[in-house]
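As structure tokens, the structure follows; a few thoughts come after it.
Here is how names work: the chains are called A, B, and so on, in the same order as the sequence lines, proteins then strands, and each is numbered from 1. Every heavy atom of this structure was used, including side-chain atoms; hydrogens, water molecules and symmetry mates were not. All figures in this text were calculated on a predicted structure; none of them were measured in a lab.
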2 protein chains.
Amino acid sequence: MTSTLEHHHPATRLRTVLESAAADDGTLPPLDQELVRAMALPEDLPETLGIAEVADLTGITAHTLRYYERIGLVVVARDAAGRRAYDRAALGRIMFVTWLRLSGMPIASVTRYVELAQAGTHTADERLALLLEHRAAVVSHLRDLQTALAVVDYKITTYGGTCGS
Amino acid sequence: MTSTLEHHHPATRLRTVLESAAADDGTLPPLDQELVRAMALPEDLPETLGIAEVADLTGITAHTLRYYERIGLVVVARDAAGRRAYDRAALGRIMFVTWLRLSGMPIASVTRYVELAQAGTHTADERLALLLEHRAAVVSHLRDLQTALAVVDYKITTYGGTCGS
DNA sequence: CTAGGACTTCGAGTGCACTCGAAGCCAGTC
DNA sequence: GACTGGCTTCGAGTGCACTCGAAGTCCTAG
């Protein structure tokens with residue numbers, strides 16, 4: 001369970017997973033639903049993973065993974081010795097949760113989503129509503145970031161000008 | 001100095017300013033540098049503004065505006081009675097700072113930028129470097145957000161499917 | 001049999017960015 | 001000339017999301 005990879009930001013790490021999943025045909029295609037399905041999990045994983053391996057794979061520290069579990073954000077099985085054993089499904093859940101976090105969903109909302117998912121299929125409507133709401137927030141944030149980028153670019157291109165702020 | 005506008009998120013408010021600046025020809029064009037120049041300040045402002053008006057214009061609360069000044073993030077003049085009097089330049093600085101904050105620049109970096117700007121024109125190189133670095137961070141964040149959006153969209157479109165997480 | 005290292009829990013600490021409340025000043029109104 | 005509302009400062013409090021350390025357990029290698 002020794003960690004062999006250097007540390008990276010979660011998004012970088014998850015994107016690495018994505019790219020290794022997409023590298024079969026040597027291309028780095030634009031993101032679409034097929035790619036997302038492909039990126040979900042690499043195929044050559046052992047049955048279960050230790051916390052350090054999940055940390056490497058996701059870019060989330062082991063400390064944070066334990067924290068996430070503590071607050072009910074993910075559920076993880078244990079091996080005979082009481083250590084966390086992440087199977088394929090658990091890893092998938094963690095990656096999804098990580099994307100939700102990266103997209104700015106507050107932990108409270110992720111927790112709510114996870115609780116709904118655990119409650120059974122009859123909560124699908126509510127979960128969907130949660131995701132749609134979040135989607136709108138992400139789109140809005142994306143718009144703001146693009147505007148901010150334009151403002152920063154304007155400032156950059158006018159350097160050497162008379163602008164004093 | 002009474003506040004007449006309802007409260008909004010800073011990005012919403014600043015975008016309102018942008019749109020009112022762009023409304024001259026009735027269009028809502030894609031953001032570009034000309035637009036950004038135009039959005040900087042509406043033309044029909046009084047000489048100076050009170051803190052409540054700036055709060056309305058930017059979506060930043062008066063409390064936060066004072067906080068920003070306290071930590072050296074902006075500099076603001078006072079009127080005879082000791083009240084903050086924001087002139088055109090101060091308002092422009094605050095709007096720029098707000099865009100920096102909205103694009104995720106930490107307060108410490110904004111403060112550094114502001115200090116450099118106050119130090120004089122000989123710091124232009126360093127300021128430019130700061131902005132370029134930040135620009136890269138924004139672009140990276142934008143990419144991550146787009147990926148996350150794709151993941152969320154995948155989840156949304158597969159609702160009703162077999163996916164249990 | 002012992003040492004090392006990765007794991008465990010629990011609780012407390014950190015960093016960032018606000019956010020608020022209290023107490024007081026000051027301009028205009030009835 | 002008291003009242004009201006908006007401003008002022010200062011310091012303390014809040015919320016979020018980690019982040020860390022201590023003390024102990026368990027497997028593996030030498």
**Q.** Intermediate values then yes/no, side chain to side chain contact (heavy atoms under 4.5 Å, CB included), B/Y86 and B/I51
**A.** CA-CA 7 Å; B/Y86 296 82; B/I51 195 169; 3.7 Å; yes
Q: Mind running side chain to side chain contact (heavy atoms under 4.5 Å, CB included) on A/V138 and B/L149 for me, showing each step along the way?
A: CA-CA 7 Å; A/V138 173; B/L149 187 60; 3.9 Å; yes
Q) ring pair (Phe, Tyr, Trp, His ring centres under 6.0 Å) between B/F96 and B/Y113: does it pass, once the steps are laid out? A) CA-CA 11 Å; B/F96 181 55; B/Y113 179 86; 5.8 Å; yes
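Between the B/S140 side chain and the B/A136 main chain, no donor and acceptor come within less than 3.5 Å of each other. Checking side-chain atoms of B/S109 against main-chain N and O of B/M105 turns up no donor-acceptor pair under 3.5 Å. Between the side chain of B/T64 and the backbone N or O of B/I60 there is no donor-acceptor pair closer than 3.5 Å. Listed for the A/T111 side chain is a donor-acceptor partner under 3.5 Å among the backbone atoms of A/I107.
Regarding A/E69, its CD atom lies at a distance of 14 Å from the C1' atom of C/dC10, rounded to whole Å. If you take OH of A/Y67 and P of C/dA12, they are 16 Å apart, rounded to a whole angstrom. Taking atom CD1 on A/I71 and atom P on D/dT19, their separation rounds to 13 Å, with Å as the unit. Protein atom NE2 of B/H63 is 16 Å distant from nucleotide atom P of D/dG11, rounded to whole Å. To the nearest angstrom, C1' of C/dA17 lies 16 Å from CG of B/L100. As rounded to whole Å, 17 Å separates atom P of D/dT25 from atom CG of A/D79. Between B/E53 atom CD and D/dG6 atom P there is a gap of 12 Å when expressed in whole angstrom units. With rounding to whole Å, A/L73 atom CG is found 13 Å from D/dC16 atom C1'.
Sorted by residue number, the members of residues 102-111 of chain A with any non-hydrogen atom under 4.0 Å from DNA chain D read A/P106, A/I107.
Checked against C/dT19, C/dC7, D/dC26, the side chain of A/A52 finds its nearest nucleotide in C/dC7.
Between B/R66 and B/R70, the residue anchored closer to the 5' end of DNA chain D is B/R66, taking for each the nucleotide with the nearest heavy atom.
Proximity of A/R83 to the phosphate of D/dC26: no side-chain N or O atom is located under 4.0 Å from OP1 or OP2. Regarding contacts with the backbone of C/dC16, every side-chain N or O of B/R101 stays at 4.0 angstrom or more from both OP1 and OP2. The phosphate of C/dC18 (OP1 or OP2) has a side-chain N or O of B/Y68 nearer than 4.0 angstrom.
B/V75 belongs to no multi-residue hydrophobic cluster, having no ILVMFWY side-chain contact under 4.5 Å with any other such residue.
By the criterion of side-chain heavy atoms lying less than 4.5 angstrom apart, applied directly or through intervening Ile, Leu, Val, Met, Phe, Trp or Tyr residues, B/L57 is grouped together with A/V151 in one hydrophobic cluster.
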When you compare the protein's N or O atoms with those of nucleotides 28-30 of chain D, which come within less than 3.5 Å of each other, and at what distance?
none

